[in-house]
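Worksheet: the structure to be examined is printed underneath.
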Amino acid sequence: MKCFLVCVMLAAVPALAQPAADTIAQGKAIYDTHCTACHGANAGAGDRAPAIVNASATSMRGERSDAQLLNVVRNGIPGTAMPAWGTRLSAAEISNLGAYIHALRGTALDAPLAGDVAHGRAVFFGKGHCDSCHMVEGRGGVPGPDLSNIAATRKAVAISNALTRAQHRVYGDGGVHLPTVPPMDYNPVHVVTKSGQALDGVMRNQDAWSLQFMTLDGKLHFFDRSALSSVAITPGSIMPTDYDKRLTAEEFRDLMAFLTRQGSKPAPAAPEGAE
């Protein structure tokens, strides 16, 4: 059996800021056919070759440029089991394959999902009730994080997992994208004051003497701890994680199409000395 060692090193394709969804889908089909046996599903490591999209010391975390990675795919690595794919795949197939890996390594904005974006917006502000907690395009609620730049800071799979899985990681490492983990300071809190008032909300800040939290009506509350009889903070989130059941398959697809297009990436820095 052929071992396709660093087939996954194709990682990225030049100028693929937002490759078309069908291009990525075609690249995934090529990867699944030729590369999974060595590098595992979604470039996450296999029995015969390293992962590309994780944080291990052996993975390609962006040390190589897109052009260098594609060169490895075309020409192989002498002395290893990585073959020269330039003689086995067409230039278009290699480009599509690279687009797929590039999408795995990047954020949702690098590879927005297919769907009806306008319908997805309507779901966000309508049936999904996402705007009761989240803001997008200057509209919506404030108890939850502002999602206006969500696609530039999260992977598509992380956004999907947040909507459908009670236990999920914020994002999976993909090489050169997120420098830090986004803050997760929205734990549910139940507060009872010494006067007997009970309040539920999400945490914003706390210290040894006070705490601040926001109730779901968007009101920010500040209490001295001396005025409280009990404070219960629960790890996790108040956000529902069954949107794949609350929405139809079409509605969920279009909501993801909308969310994976929210945000922008900073413009490349001008070369030194340029005006």
Close side-chain approach of [X] to [Y], heavy-atom, < 4.5 Å:
{"X": "F124", "Y": "V136", "answer": "yes"}
{"X": "L97", "Y": "C35", "answer": "yes"}
{"X": "F125", "Y": "E137", "answer": "yes"}
{"X": "W209", "Y": "R225", "answer": "no"}
{"X": "L216", "Y": "I238", "answer": "yes"}
{"X": "L113", "Y": "R253", "answer": "no"}
{"X": "Q206", "Y": "I233", "answer": "yes"}

Checklist entry - So among T107, L147, I150, T153, which one has a side-chain contact (heavy atoms from CB on, under 4.5 Å) with I159? => result I150
Using every non-hydrogen atom in the two residues, find where [X] and [Y] come nearest and quote the distance to one decimal.
{"X": "A257", "Y": "R261", "answer": "O-NH1, 2.9 Å"}
{"X": "F252", "Y": "S160", "answer": "CZ-OG, 3.9 Å"}
{"X": "S132", "Y": "P143", "answer": "O-CD, 3.9 Å"}
{"X": "D200", "Y": "T215", "answer": "O-CG2, 3.2 Å"}

Next on the checklist: Is it true that D224 and S226 share a donor-acceptor pair across their side chains at a distance under 3.5 Å?
Outcome noted: no
Checklist entry - With under 30° as parallel and over 60° as perpendicular, where do the rings of W85 and H34 fit, or are they tilted in between? => result tilted
Next on the checklist: Over 60° means perpendicular and under 30° means parallel, so tell me whether F213 and F223 are parallel, tilted or perpendicular.
Outcome noted: parallel
Checklist entry - How would you list all residue pairs meeting salt bridge (Lys or Arg N to Asp or Glu O under 4.0 Å) that involve residues 234-243, not counting sequence neighbours? => result D242-R246
